[in-house]
Amino acid sequence: MQIYTAALVGTGRIGFSLGFDKKREQPASHTMALLGNKRIKLIAAADTNEENLTEWGHYVKGAKTFSSSAEMYNAITTPDILTIAVNEDSHMQECLAAIAAKPRLIILEKPVALNSAQALEIAQAAEKAGIPVMVNHERRFAEDYKKAKEYIKEIGKLQTIRGELYSGLRIYGKEYEKDGSYSLLHDGTHLVDIISWLLDEKLSKPLVTGIYKDEKDEVRNFSAHFKTESCAEVTISMSGRSRFFSFGLDILGTEGRICLGNGYAKFYKRKESKLYSGFYSLSKDKSIRIPKKTGYFSNMIQNAVDFLDETKPLQSPLSTAIEDLKVLEEIKSFLQI
């Protein structure tokens, strides 16, 4: 079978070092996922951080290293896959450079860019060059979320969907727009994307409530309320003043419920109650089996291989990721008031 070559721009956390986190499901970085696929040969990497690049070069034997992506593109034959795993403020610059290098596929870390204007510039350049771009919204590839997407039809008509993200990072502050170091962009993109993907529907214009700002005028809490054709109440809540990290979804239907997030996945169905005569209650559906490893990163890379094989479409295309950014900007318009 054909072996596809790959190169990486960015050898930091998501590009490389998270692959050594013993608590995370592995592979947890682009490097480890690329190395773990037998159909891919990782041939080079570029990074302006000399220390990160040196460590990467010691680990990936036989691959070449470069101090910039421009140097790499000038020195090697363009690989089949170019992966962009740099900070958000460099996404547009590096993705445009990757498009100009003309690989067969670009894998771009989420979010696409700092804003939808930059994202559309990427999309226009990619379309003009005929270069497909896949965005790493990793939950689309995880087995637990894929099972949830299948199971939604089993829980009747949708009543409510609630997505929550709690962390200690600021939700939004105008001064952080220059580098994207705020949670609405960095983490909120996952919430918006996974709900849109599970439903195969676009979210309506939001109504944002519960806005809380700290003494620095940074937003630390909000709830955004939407509706879709299939669900009249969709709520996304985020907090940036928690002393823990939590990401989760609660999907309630008329005949069942799905609760899933980081480290858990529970599926419930309506059954005759063991507590009350003449009533029905929700009971855990024991027929659902979720693999211990969700394969969120390895499945993403496999989708890239399948796409190049022309056997499957991209599961996380650039177009849907741009729509996610537009939703985040609609929320942000309330937070800026």
Side-chain angles (χ1 to χ4, degrees), residues 1-9 14 27 30 33-34 36-42 78-85 91 95-96 98-99 101-113 116 119-153 189-203 228-230 249 260 290-291 293-327:
M1 295 189 294
Q2 181 175 352
I3 301 298
Y4 298 111
T5 56
L8 174 68
V9 180
I14 195 65
H30 288 280
L34 290 165
N37 193 295
K38 295 180 180 179
R39 299 284 307 283
I40 293 176
K41 182 179 181 180
L42 185 53
T78 301
D80 299 301
I81 300 171
L82 277 176
T83 295
I84 310 299
H91 278 199
C95 198
L96 291 177
I99 291 169
K102 296 190 179 299
R104 296 180 61 186
L105 174 66
I106 292 173
I107 299 175
L108 176 63
E109 252 308 310
K110 62 78 194 171
V112 178
S116 61
L120 288 171
E121 188 171 340
I122 291 172
Q124 291 167 0
E127 182 178 5
K128 184 177 181 180
I131 309 298
V133 179
M134 175 166 66
V135 180
N136 184 28
H137 278 120
E138 59 193 37
R139 288 171 178 80
R140 289 178 174 235
F141 304 95
E143 296 299 331
D144 48 356
Y145 284 90
K146 289 196 286 185
K147 180 60 69 175
K149 189 175 177 68
E150 296 173 4
Y151 199 77
I152 281 181
K153 62 179 180 293
T189 182
H190 279 307
L191 274 177
V192 171
D193 184 76
I194 198 60
I195 292 173
S196 300
W197 178 74
L198 287 170
L199 297 180
D200 281 327
E201 295 177 344
K202 290 184 178 182
L203 300 176
T228 70
E229 290 186 10
S230 64
L249 295 178
L260 74 165
I290 303 294
K293 295 189 70 171
T294 68
Y296 68 100
F297 229 123
S298 54
N299 287 347
M300 184 272 292
I301 294 299
Q302 185 58 48
N303 181 230
V305 170
D306 293 338
F307 175 77
L308 293 176
D309 284 345
E310 299 183 353
T311 60
K312 290 185 180 179
L314 293 178
Q315 293 179 26
S316 186
L318 177 61
S319 58
T320 60
I322 292 175
E323 292 303 314
D324 297 335
L325 269 182
K326 291 179 179 179
V327 172

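Here the structure is a predicted model, which means the values were calculated and not measured.
Note that CG of Asp306 and OG1 of Thr311 are 4.0 Å apart. Values are rounded to the nearest 0.5 Å. To the nearest 0.5 Å, atoms CG (Asp200) and CD (Glu229) are separated by 11.5 Å. With values rounded to the nearest 0.5 angstrom, Ile122 atom CD1 is found 14.0 Å from Glu127 atom CD. Of the inter-residue distances, the one linking Leu198 atom CG with Ile152 atom CD1 reads 5.0 Å to the nearest 0.5 angstrom. Interatomic distance, Ile99 CD1 to Glu121 CD, rounded to the nearest 0.5 Å: 9.5 Å. Atom CZ of Arg139 sits about 7.5 Å away from atom CG of Leu191, to the nearest 0.5 Å.
Tested against Ile40, the residues Ile81, Asp80, Thr5, Ile3 include a single side-chain contact (heavy atoms from CB on, under 4.5 Å) partner, Ile81.
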- Message: I'd like to know whether Ile194 forms a side-chain contact (heavy atoms from CB on, under 4.5 Å) with His137, so could you lay out the CA-CA distance, the side-chain angles of the two residues, the decisive distance to 0.1 Å, and finally the verdict.
- Response: CA-CA 8 Å; Ile194 198 60; His137 278 120; over 6 Å; no
- Criterion side-chain hydrogen bond (donor to acceptor under 3.5 Å, both in side chains) on Asp144 and Tyr296, from CA distance to verdict: CA-CA 9 Å; Asp144 48 356; Tyr296 68 100; over 6 Å; no
- Could you go step by step and tell me if Lys146 and Asn299 meet the side-chain contact (heavy atoms from CB on, under 4.5 Å) rule? CA-CA 11 Å; Lys146 289 196 286 185; Asn299 287 347; 3.8 Å; yes
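Inter-residue side-chain proximity for Phe307 and Arg104 is flagged as unmet; no heavy-atom pair is nearer than 4.5 Å. Between Gln302 and Val305, some side-chain heavy-atom pair lies under the 4.5 Å cut-off. Looking only at side-chain heavy atoms (C-beta outward), Lys38 and Met1 stay at 4.5 Å or farther from each other. Inter-residue side-chain proximity for Leu249 and Tyr145 is flagged as met; some heavy-atom pair is nearer than 4.5 Å. Using a 4.5 Å heavy-atom threshold, the side chains of Glu109 and Ile84 count as separate. A heavy-atom distance below 4.5 Å is not found between the side chains of Asp324 and Pro111.
In terms of modelled atom types and a separation under 3.5 Å, the side chain of Asn303 and the main chain of Leu314 share no donor-acceptor contact. Counting only distance, with no hydrogens or angles, the side chain of Ser316 and the backbone of Asn136 share no donor-acceptor pair below 3.5 Å. No donor-acceptor distance shorter than 3.5 angstrom exists from the side chain of Ser116 to the backbone of Leu325, with no hydrogens or angles considered.
No more than 12 heavy atoms of other residues, nucleotides or ligands sit less than 6.0 Å from atom CD of Glu310. Around atom NZ of Lys153, more than 12 heavy atoms belonging to other residues, nucleotides or ligands sit under 6.0 Å away. For Lys149, the NZ atom counts as densely surrounded, since its 6.0 Å shell holds more than 12 non-hydrogen atoms of other residues, nucleotides or ligands.
Contact detail for Phe141 and Met134: the closest heavy-atom pair is CZ-SD, 4.0 Å. In plain terms, the two heavy atoms of Met300 and Ile107 that are nearest each other are SD-CG2, 3.9 Å. For the pair Leu105 and Pro132, the tightest heavy-atom approach, listed with the atom from each and the gap, is CD1-O, 3.5 Å. The heavy-atom pair separating Val133 from Leu108 by the smallest distance is CG1-CB, 4.0 Å. Counting all heavy atoms, side chain and backbone alike, Thr78 lies closest to Ala101 at OG1-O, 2.9 Å. Residues Lys110 and His190 come closest through the heavy atom pair CE-NE2, 3.2 Å.
Residues Ser230 and Glu201 have side chains that bring a donor and an acceptor to within less than 3.5 angstrom of each other.
Of the charged side-chain nitrogens involved, at least one lies within less than 4.0 Å of a carboxylate oxygen, so that Asp193 and Arg140 count as a salt-bridged pair.
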